[in-house]
Amino acid sequence: MGKLYVVGFGPGAGGCLTDRAKDALEEAEILCGYTLYIELLRPLYPGKKVCSTGMTGELERCRYCLEKAAEGKTVALVCSGDSGVYGMAAPVLELAPGYRNVEIEIVPGITAAVSCAALLGAPLGHDFCTVSLSDRLTDWAQIEKRLRCAAEGDFVICLYNPASRHRPDTLRRACEVLLEQKSGSTVCGLVRNAGREGESWRLLTLRELMDAEADMFTTVFVGSSSSREIEGRMVTPRGYRV
Ligand code: SAH
């Protein structure tokens with residue numbers, strides 16, 4: 001019986017690792033993941049066998065880990081943030097029925113919404129939702145529908161995968177949809193490279209967000225109607241009368 005840990009790691013090398021995640025990475029004989037994360041981890045676990053693949057080799061990576069675990073090895077499949085949030089935990093569990101003698105443990109981590117929120121202040125102090133703007137596995141029409149519903153519900157909206165080289169205009173298109181219902185002065189926040197070299201964050205309005213630059217290392221926050229800027233931090237009040 002082999003073991004496969006699906007571990008959330010980060011953001012950034014060493015930061016925000018739970019004790020359980022540390023134990024899993026210690027115990028694993030093989031560390032597997034997207035090249036960037038493996039390069040961040042490699043110096044922390046010298047001597048371990050590592051296996052890295054490009055961004056789009058996700059299923060191949062999951063199958064490799066399941067096969068190694070089926071051979072009796074202890075394997076850690078590493079994802080950024082939390083392994084269940086736009087991560088590898090779901091595809092591993094979808095493939096798992098084909099590999100009977102593998103014990104799978106999903107080890108939680110700190111997702112970008114939470115680590116990036118801490119840099120901005122307290123943008124998630126009330127109800128929020130996350131929407132990924134990647135149309136690689138989801139139709140854009142579905143993404144637009146979810147954005148409209150989130151705006152209608154007046155959630156704080158946390159946007160993952162806001163843009164990439166192949167789709168430089170998705171953040172602008174999302175802003176256009178949100179502006180159908182939300183004010184252009186809505187408080188928003190942009191966080192780039194949280195916990196990593198080059199970490200930066202700033203506040204801006206929804207109107208300004210239209211022309212803001214974002215990439216695949218950026219997480220975007222769009223406030224609810226009650227989100228405010230308080231001395232440079234983004235805050236969504238919990239509801240207490242302060
Ligand atoms: N499993 C990850 C999310 C993977 S989707 C998690 O739970 O955080 C990839 C997206 O996550 C990126 O496009 C970006 O929106 C966000 N992200 C991941 N790492 C980040 C970081 N260090 N700083 C800012 N955003 C990050």
Engineer: Which atom names give the shortest non-hydrogen contact between Y5 and E27, and what distance separates them?
Structural biologist: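 Scanning both residues, the minimum pair turns out to be OH-OE1, 2.6 Å.
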Engineer: Return the CG to CD1 distance between L31 and I38, rounded to the nearest 0.5 Å.
Structural biologist: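 L31 CG to I38 CD1: 5.5 Å, rounded to 0.5 Å.
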Engineer: Quick one: side chain to side chain donor-acceptor pair (under 3.5 Å) pairs with a partner in residues 164-173, sequence neighbours left out?
Structural biologist: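 Found R167-T170, R172-D211.
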Engineer: Decide, yes or no, whether a salt bridge links E71 with K68 under the criterion of side-chain N to carboxylate O below 4.0 Å.
Structural biologist: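 A salt bridge is present here (some side-chain N lies under 4.0 Å from a carboxylate O).
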Engineer: Between the side chain of Y160 and the main-chain N/O of A113, is any donor-acceptor distance below 3.5 Å?
Structural biologist: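 Present.
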Engineer: The criterion is salt bridge (charged side-chain N to carboxylate O under 4.0 Å, His left out); which residues satisfy it with E180, sequence neighbours excluded?
Structural biologist: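 Partners of E180 by the salt bridge (charged side-chain N to carboxylate O under 4.0 Å, His left out) criterion, ordered by chain and then number, come out as R148.
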Engineer: If only atom types and distance count, is the side chain of E199 paired as donor or acceptor with the main-chain N or O of G195 below 3.5 Å?
Structural biologist: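 Such a contact is found between E199 side chain and G195 backbone.
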Engineer: What heavy-atom pair brings M210 and C175 nearest, and what distance separates the two atoms?
Structural biologist: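 Heavy-atom minimum between the residues: SD-CB, 3.4 Å.
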Engineer: Excluding sequence neighbours, so at least two apart, what forms salt bridge (charged side-chain N to carboxylate O under 4.0 Å, His left out) with E229?
Structural biologist: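 Once residues adjacent in sequence are excluded, E229 has no partner under the salt bridge (charged side-chain N to carboxylate O under 4.0 Å, His left out) criterion.
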Engineer: Please answer whether the main-chain N or O of E29 pairs with a side-chain N or O of K73 as donor and acceptor at a distance below 3.5 Å.
Structural biologist: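 It does not hold such a pair.
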Engineer: If the condition is salt bridge (charged side-chain N to carboxylate O under 4.0 Å, His left out), which residues does R20 pass it with, not counting sequence neighbours?
Structural biologist: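 For R20, the residues satisfying salt bridge (charged side-chain N to carboxylate O under 4.0 Å, His left out) (neighbours in sequence not counted) are E105.
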Engineer: Please determine if E208 and R202 form a salt bridge, counting it only when a charged side-chain N lies under 4.0 Å from a carboxylate O.
Structural biologist: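 No, E208 and R202 are not salt-bridged.
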Engineer: Indicate if L206 and V191 have the same hydrophobic cluster label, given that clusters are the connected sets of ILVMFWY residues with side-chain heavy-atom separations under 4.5 angstrom.
Structural biologist: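 Different hydrophobic clusters.
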Engineer: S183: what forms a side-chain contact (heavy atoms from CB on, under 4.5 Å) with it, not counting sequence neighbours?
Structural biologist: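 With sequence neighbours excluded, S183 shows a side-chain contact (heavy atoms from CB on, under 4.5 Å) to S185, T186, given in chain and number order.
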Engineer: Where is the tightest heavy-atom contact between A69 and V75, given as atom of each residue plus distance?
Structural biologist: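 Reported closest heavy-atom pair: N-CG2, 3.9 Å.
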Engineer: Can you list, pair by pair, the side-chain donor-acceptor contacts under 3.5 Å of residues 79-89, counting residues two or more places apart and other chains?
Structural biologist:
unit_1, atom_1, unit_2, atom_2, d
S80, OG, Y37, OH, 3.3
D82, OD1, G109, N, 2.9
D82, OD2, G84, N, 2.7
D82, OD2, V85, N, 3.2
S83, OG, V6, O, 3.2
Y86, OH, T130, OG1, 3.0
Y86, OH, S132, N, 3.3

Engineer: If you take all heavy atoms of Y64 and C32, which pair is closest and at what distance?
Structural biologist: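 Closest pair (atom of Y64, atom of C32, distance): CD2-SG, 4.1 Å.
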